[in-house]
Amino acid sequence: VAGSLPSELIPLRLTTSHETSARYADLTADHNPIHFDAAFAASTPFGAPIAHGTQSLGLLMLCIEKSVGVEWTVTELQIRFVKPVKVGETVVAGGELADETHRVYHVFVDTEAGQRAIEGTLRLSPNTPT
Amino acid sequence: MRIVESPRAFGMPIQKLDFMTQAPALWTFDDFEPGRSFGRMEIRLDSRRLALWSQVFGENVGDNEVSSSVLVAAMMEGYLKLLQPRPPGNVHASQVLSFTGRQVQLGAALTASVKCHDKYLKTDRRWVIFHVALAECGQEVMSGDITTIWAR
């Protein structure tokens with residue numbers, strides 16, 4: 001039986017770097033130069049290499065797992081990528097219980113500088129393993 | 001330039017081919033139609049993949065079940081590999097994820113599949129929603145809707 005849900009998700013941090021971008025690129029086959037090539041990135045509106053957006057999303061998934069445990073399943077996670085994260089920045093994933101009855105959280109990933117990178121809504125259901 | 005498609009086969013993306021050169025041709029907004037499939041491929045959750053994930057997130061992989069964070073990365077690999085070549089400058093705008101609760105073990109072989117869910121023009125931008133699913137032994141593990149602003 002699934003237990004009660006925490007009012008807040010346990011914040012989880014990740015410091016991005018050229019090394020983590022390179023590893024994540026190998027992991028996902030996403031070798032877009034916007035993530036690595038400073039000269040190329042300088043010619044874009046971002047001005048500098050940006051971390052893969054789904055790297056922050058992966059951190060958010062870890063944050064959710066660590067916070068609610070295996071008794072709960074992510075029925076639906078809806079997020080939008082609000083602002084790119086520059087390589088070298090530290091991001092923090094977290095969330096707050098918004099509707100206990102319907103098991104809905106407001107979730108986010110912010111940079112330590114206070115910029116919101118990801119924002120969205122999480123809906124959970126008790127896990128029923130198949 | 002006339003475009004033909006290569007035959008659909010497991011493990012192979014559905015490619016556009018230039019009729020003259022037979023080289024893969026760029027996927028553009030006009031190619032996408034709701035319901036259109038872009039094939040499927042196998043993604044094995046092997047030790048190399050899990051080591052990379054561990055190096056990125058600084059987390060131990062564990063002994064049994066794989067983190068949903070690993071599955072998100074696998075979903076992205078399926079999406080990126082099955083839709084090639086793509087124009088530079090696409091923007092991943094938003095994402096919906098849904099998990100079935102099925103636990104996936106280390107070493108599992110997943111099948112990734114991609115299809116076009118929707119497309120539309122809005123504020124002079126080309127929006128495309130792709131549906132990506134991961135399954136193990138025919139049972140869905142997770143799915144995701146990737147909303148992109150397609151560059152061309």
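Only this structure's heavy atoms are used, side chains among them; waters, hydrogens and symmetry mates stay out. If you're wondering where the values come from, they're calculated on a predicted model, not measured in any experiment. We name chains A, B, ... by the order of the sequence lines, and we start the count at 1 in each one.
Per-residue counts of heavy-atom pairs under 4.5 Å with chain A were compared for B:G144, B:A51, B:S94; the largest is that of B:S94. Top candidate by heavy-atom pairs under 4.5 Å with chain A, chosen from B:M76, B:Q95, B:M142, is B:Q95. Chosen from A:P84, A:A29, A:S125, the residue pairing most often with chain B at heavy-atom distances under 4.5 Å is A:A29. Of the listed residues A:T73, A:L59, A:L27, the one with more heavy-atom pairs under 4.5 angstrom with chain B than any other is A:L27.
Contacts of A:E65 with chain B are made by side-chain atoms alone, with heavy-atom separations under 4.5 Å and no backbone atom involved. Proximity to chain A is limited to the backbone of B:A93, based on heavy atoms less than 4.5 angstrom apart. Only the side chain of A:L14 comes within contact range of chain B, with at least one heavy atom under 4.5 Å from a heavy atom of that chain. Residue contact with chain B, scored on non-hydrogen atoms closer than 4.5 Å, involves the backbone and the side chain of A:Q55 alike. Contact annotation for B:V56: both backbone and side-chain heavy atoms come within less than 4.5 Å of a heavy atom of chain A.
For the pairing with A:L12, the side-chain contact (heavy atoms from CB on, under 4.5 Å) check across A:V109, A:L60, A:L62, A:V92 returns one residue only, A:L62. With A:E119 as the partner, the side-chain hydrogen bond (donor to acceptor under 3.5 Å, both in side chains) test is satisfied by one option alone out of A:Q78, A:H106, A:K83: A:H106.
Aromatic ring pairs are classed by plane angle as parallel below 30°, tilted from 30° to 60° and perpendicular above 60°; the pair B:F38 and B:F32 is perpendicular. In this pair, B:F130 and B:Y79 present their aromatic rings tilted. The plane angle is within the 30 to 60° band.
The number of heavy-atom neighbours closer than 6.0 Å to CD of A:E100, taken from other residues, nucleotides and ligands shown, is 12 or below.
No hydrogens or angles considered: nothing links the side chains of A:Y24 and A:T16 as a donor-acceptor pair under 3.5 Å.
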Item to complete: Please step through side-chain hydrogen bond (donor to acceptor under 3.5 Å, both in side chains) for the pair B:Q139 and B:R102, ending with a clear verdict.
Response: CA-CA 8 Å; B:Q139 299 291 311; B:R102 181 185 174 90; 4.7 Å; no
